[in-house]
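Okay, structure first, notes after.
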Amino acid sequence: FTFNNRIMLEDQRVTALVSREVDIDIGSAIKLNHSFISTKIAQSRIIGLCRDGHPRIKNKLSSEQWMAEEHIVLSSAETNAYLPEKLYGLSHQRNIRYRSNSLLNMLYCIERSDFVMFFPAFLLKHIPAHLALRRVEIPWMEEDTLDIYAYIHSKAKNDERLERIIQLLKK
């Protein structure tokens with residue numbers, strides 16, 4: 001199978017699915033299209049992520065403190081489709097210090113710096129325990145969620161292997 005293995009804008013994701021360049025695309029919501037099937041695999045609260053021992057960040061971040069910190073972002077993924085409206089509205093005003101297509105690189109960078117990033121809470125269980133990172137609550141984002149979907153081409157709707165992958169992702 002070919003997964004969407006790079007950060008793509010929404011139109012690129014749709015094209016890759018319709019042309020069957022990818023077998024499965026996992027990410028935020030994209031425009032509905034009769035050529036593919038979507039399955040919601042997760043809905044997650046948004047938290048902040050920083051290193052243990054960050055000198056300014058305690059357990060909660062106000063919007064003012066969030067804006068004052070230096071940020072890490074997932075490269076071109078910062079489009080309206082990926083971010084809740086509140087966070088997207090602030091994204092252009094932040095001091096973005098580091099961009100990467102690699103989440104692992106971002107996690108190591110946070111561990112070794114005073115940078116902060118927003119993070120879907122449901123992914124915390126996948127962060128290696130040896131990384132000295134911690135979650136930070138963002139009270140002004142409590143009502144917002146990040147929804148994650150799996151998309152497959154409609155011609156693959158009976159593919160048991162893809163269905164198994166989707167079911168594993170839901171767990």
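Because only heavy atoms are used, hydrogens play no part in the values below, and waters and symmetry mates are left out as well, while side chains stay in.
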Quick one: does [X]'s side chain get under 4.5 Å of [Y]'s, heavy atoms only?
X    : Y    : value
L162 : I24  : yes
Y98  : M106 : yes
N33  : L17  : no
D144 : F118 : no
L107 : I127 : yes
L133 : L124 : no
L131 : I110 : no
W140 : I138 : yes

Just how far is it from atom [atom1] of [X] to atom [atom2] of [Y], taken to the nearest 0.5 Å?
X    : Y    : atom1 : atom2 : result
H71  : C50  : NE2   : SG    : 11.5 Å
Y108 : L103 : OH    : CG    : 11.0 Å
L146 : I46  : CG    : CD1   : 5.5 Å
E160 : I165 : CD    : CD1   : 12.5 Å
L61  : E69  : CG    : CD    : 7.0 Å
S62  : E64  : OG    : CD    : 4.5 Å

**Prompt:** Is there a side chain to side chain contact (heavy atoms under 4.5 Å, CB included) between S28 and Y149 once you walk through the steps?
**Reply:** CA-CA 6 Å; S28 62; Y149 293 86; 5.9 Å; no
Minimum heavy-atom separation for [X] to [Y], with atom names?
X    : Y    : value
A150 : I41  : CB-CG2, 3.9 Å
A121 : R135 : CB-NH2, 4.3 Å
K60  : P139 : CD-CG, 3.9 Å
S19  : A16  : OG-O, 3.4 Å

**Message:** What verdict does the side chain to side chain contact (heavy atoms under 4.5 Å, CB included) test give for I148 and I26, after you've listed the backbone C-alpha separation in whole Å, the side-chain angles of each residue and the deciding distance to 0.1 Å?
**Reply:** CA-CA 7 Å; I148 307 296; I26 302 161; 3.9 Å; yes
**Request:** Check salt bridge (charged side-chain N to carboxylate O under 4.0 Å, His left out) between R51 and all other residues, then give those that pass, not counting sequence neighbours.
**Result:**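 Expected list: D114.
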**Within residues 37-50 or reaching into it, pairs that qualify as side chain to side chain donor-acceptor pair (under 3.5 Å) - sequence neighbours excluded** =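 Residue pairs passing side chain to side chain donor-acceptor pair (under 3.5 Å), neighbours aside: Q43-T145, Q43-D147, R45-E137.
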**Request:** Might you work through the side chain to side chain contact (heavy atoms under 4.5 Å, CB included) test for E163 and K157, ending with a clear yes or no?
**Result:** CA-CA 8 Å; E163 182 57 33; K157 68 181 176 187; over 6 Å; no
**By side-chain contact (heavy atoms from CB on, under 4.5 Å) - contacts of H34 (at least two apart)** =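 side-chain contact (heavy atoms from CB on, under 4.5 Å) list for H34, sorted by chain: empty.
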**Message:** Applying ring-ring contact (aromatic ring centres under 6.0 Å, His included) as the test, list every pair that has at least one member in residues 152-171; sequence neighbours left out.
**Reply:**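 Every pair satisfying ring-ring contact (aromatic ring centres under 6.0 Å, His included) with a residue in residues 152-171: there are none.
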**Asked** With sequence neighbours left out, which residue pairs that include part of residues 46-65 fulfil the ring-ring contact (aromatic ring centres under 6.0 Å, His included) condition?
**Response**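 Listed by first then second residue: nothing to list.
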**Prompt:** Given I57 and V116, is the side chain to side chain contact (heavy atoms under 4.5 Å, CB included) satisfied, shown in steps?
**Reply:** CA-CA 9 Å; I57 297 176; V116 65; 4.1 Å; yes
**Asked** Okay, side chain of E70, backbone of R97: is any donor-acceptor separation there less than 3.5 Å?
**Response**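 No: the side chain of E70 does not pair with the backbone of R97.
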**Side-chain (Q65) to main-chain (R56) donor-acceptor, under 3.5 angstrom** =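 A pair under 3.5 Å: yes.
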**Request:** Could you tell me which residues satisfy ring pair (Phe, Tyr, Trp, His ring centres under 6.0 Å) with F36, sequence neighbours excluded, listed by chain and number?
**Result:**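 Result, ring pair (Phe, Tyr, Trp, His ring centres under 6.0 Å) vs F36: Y151.
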**Residue D52 excluded, over 12 heavy atoms near CG under 6.0 Å** =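 Result for CG/D52: enclosed.
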